[in-house]
2 protein chains.
Amino acid sequence: MALDRKDLAILAELTTNARASHTELANKVGLSSTALARRQKTLEDDGYIQAYQAALDLAQFGLTTTVLVRIALESQSDEALKAFEAEVVKCPSVVRCFLMSGTDDYILIVLARDIQDFERIHRTELSRLPRVARVQSSFALREVVNRAVPTVVFGETKR
Amino acid sequence: MALDRKDLAILAELTTNARASHTELANKVGLSSTALARRQKTLEDDGYIQAYQAALDLAQFGLTTTVLVRIALESQSDEALKAFEAEVVKCPSVVRCFLMSGTDDYILIVLARDIQDFERIHRTELSRLPRVARVQSSFALREVVNRAVPTVVFGETKR
DNA sequence: CCAAGATGCGTGTCGGTGTGCCCAAGGAGA
DNA sequence: TCTCCTTGGGCACACCGACACGCATCTTGG
């Protein structure tokens, strides 16, 4: 099951306009609407397309501050990891959380309105996480790159 | 321009089903299709909804390895930052790049097929970035949380 | 009590979507 | 070499649904 460049063109276009109609996509890719509908359905059925989702402008909600939080636990026991993870998924300001190799156990990406708001988040969300030994926060001054999909995906010309 | 809980319900639903029809959304939110269409259009015009995009399953493309890369530059001069950023946006495997406060200058999130593939990326993409003094990579063992939108957005009941 | 904004219903038109059918290209096998 | 078969593409058509409009009603705030 390999994807040719037309499939990749469809995916690339759908990552921009998820609501594009078959005819609209067909014109951009260079296919008929019938052929495009078939390919798009195949891409969905095969799981290449997970979902169609609206991208919100978080700045409109005042969430302009991104913070990277490094967290080390008291213990790396399986029980400690489970306890921590069960709680971190409930934190409403956390958008990503990685279990990391190396010294830092977890790295979180937190969105806040501003620095004062992060202080509140640190107090009400982060400091209540269990088994935490150390929390270290770094503020992002600017976001240089923000892609949902690496461009390398669309460059793999297999056919 | 404040959003009430129905607006938030619309946004929450659209972040899941971006292709949902007006009637479909109207039923879930508890509105008529007319009222919903108006609200959705307002949300789009006011910029709350940036775009509708397809979410690809990156695992289907073999991109199962996430790497956090910390990069320090030789110099923090404006010229060095500009030179670095102009090149990092071209790296096809980089999905995010933050300019950070603190000792590390930049933090990158890189997607690779596996560790061997990351070695290739390190050699062909990262090591060619200009003005780099130090590169430090940490592998993500697992992704505990991955949200496009923090849940805190949908909890702000203003009306 | 009034005005303005929001809602809901109904309707009509337009467009998208799905289907059936035929055609072209490529590969396998006799 | 010829033929069969499979795969993918395009055309045409019909149906269903989405979308936009107008109008009446209701609620909210002053």
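Lettering of chains follows the sequences in order, A, B, ..., and the numbering in each one begins at 1. The structure displayed is predicted, hence computed values, not measured ones.
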Student: Find the distance A:Arg39:CZ to C:dT17:P and express it as a whole number of Å.
Tutor: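 Going from A:Arg39 (CZ) to C:dT17 (P), I get 17 Å.
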Student: Looking at B:Arg123 and B:Glu119, is any side-chain nitrogen of the basic one under 4.0 Å from a carboxylate oxygen of the acidic one?
Tutor: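 Counted as a salt bridge, because a side-chain N and a carboxylate O are separated by less than 4.0 Å.
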Student: Classify the nucleic acid contact of B:Ser33 as base, sugar-phosphate or nothing, counting any heavy atom under 4.0 Å across all strands shown.
Tutor: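 B:Ser33: no heavy atom of the nucleic acid under 4.0 Å.
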Student: Calculate the interatomic distance between A:Leu31 atom CG and D:dC11 atom C1'; express it in whole Å.
Tutor: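 In whole Å, D:dC11 C1' and A:Leu31 CG are 14 Å from each other.
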Student: Rounding to an integer number of Å, can you tell me how far A:Ile10 CD1 sits from D:dG9 C1'?
Tutor: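 Going from CD1 in A:Ile10 over to C1' in D:dG9 covers 13 Å.
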Student: Check for a donor-acceptor pair, side chain of A:Ser101 on one end and backbone N or O of B:Phe139 on the other, with a separation under 3.5 Å.
Tutor: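 Pair found, side chain donor or acceptor close to backbone of B:Phe139.
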Student: Can you measure B:Asn17 atom CG to D:dA18 atom C1' for me and round it to whole angstrom units?
Tutor: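 B:Asn17 atom CG is separated from D:dA18 atom C1' by 16 Å.
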Student: Let me know the distance between CG of B:Asp4 and P of D:dT27, rounded to the nearest Å.
Tutor: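 For the pair B:Asp4 CG and D:dT27 P, the rounded distance is 17 Å.
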Student: Can you tell me if B:Thr34 touches the phosphate of C:dG8, counting only side-chain N or O atoms and a distance under 4.0 Å to OP1 or OP2?
Tutor: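 Negative; the distance criterion is not met.
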Student: From the set D:dG9, C:dT7, D:dA18, return the single nucleotide nearest to any side-chain atom of B:Ser21.
Tutor: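 So the nucleotide nearest the side chain must be D:dA18.
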Student: Side chain of B:Arg19 only, please: which of D:dG9, C:dT17, C:dG8 is the nearest?
Tutor: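 Closest nucleotide among those given: C:dT17.
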Student: From NZ of A:Lys41 over to P of D:dG8, roughly how many Å is that when rounded to an integer?
Tutor: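 So the NZ-P distance, A:Lys41 to D:dG8, works out to 15 Å.
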Student: Ion pair present between A:Lys41 and A:Glu44, side-chain N to carboxylate O less than 4.0 angstrom?
Tutor: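 The answer is no: the pair does not qualify as a salt bridge.
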Student: When we call it a touch if two heavy atoms are under 4.0 Å apart, what does B:Ala37 touch: a base, just sugar-phosphate, or nothing?
Tutor: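 Nothing, no heavy atom under 4.0 Å.
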Student: Please examine the side chains of B:Leu129 and B:Cys91, heavy atoms only from C-beta on, and report whether any two atoms are closer than 4.5 Å.
Tutor: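 A side-chain contact exists here, since the closest heavy-atom pair is under 4.5 Å.
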Student: Distance check needed: C:dT17 C1' versus A:Glu24 CD, whole Å only.
Tutor: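 From A:Glu24 CD to C:dT17 C1': 15 Å.
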Student: State which of D:dG10, D:dC19, C:dG10 makes the closest approach to the side chain of A:Ser32.
Tutor: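 Nearest listed nucleotide: D:dG10.
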Student: By nearest nucleotide on DNA chain C, pick out whichever of A:His22 and A:Arg38 is the more 5' one.
Tutor: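 Counting from the 5' end, the first nearest nucleotide belongs to A:His22.
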Student: Closer than 3.5 angstrom, by distance alone: can the side chain of A:Asp46 be matched with the main-chain N or O of A:Tyr48 as a donor-acceptor pair?
Tutor: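 Absent.
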Student: Given atom CG of B:Leu25 and atom P of D:dA18, what is their separation to the nearest angstrom?
Tutor: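 In whole Å, D:dA18 P and B:Leu25 CG are 11 Å from each other.
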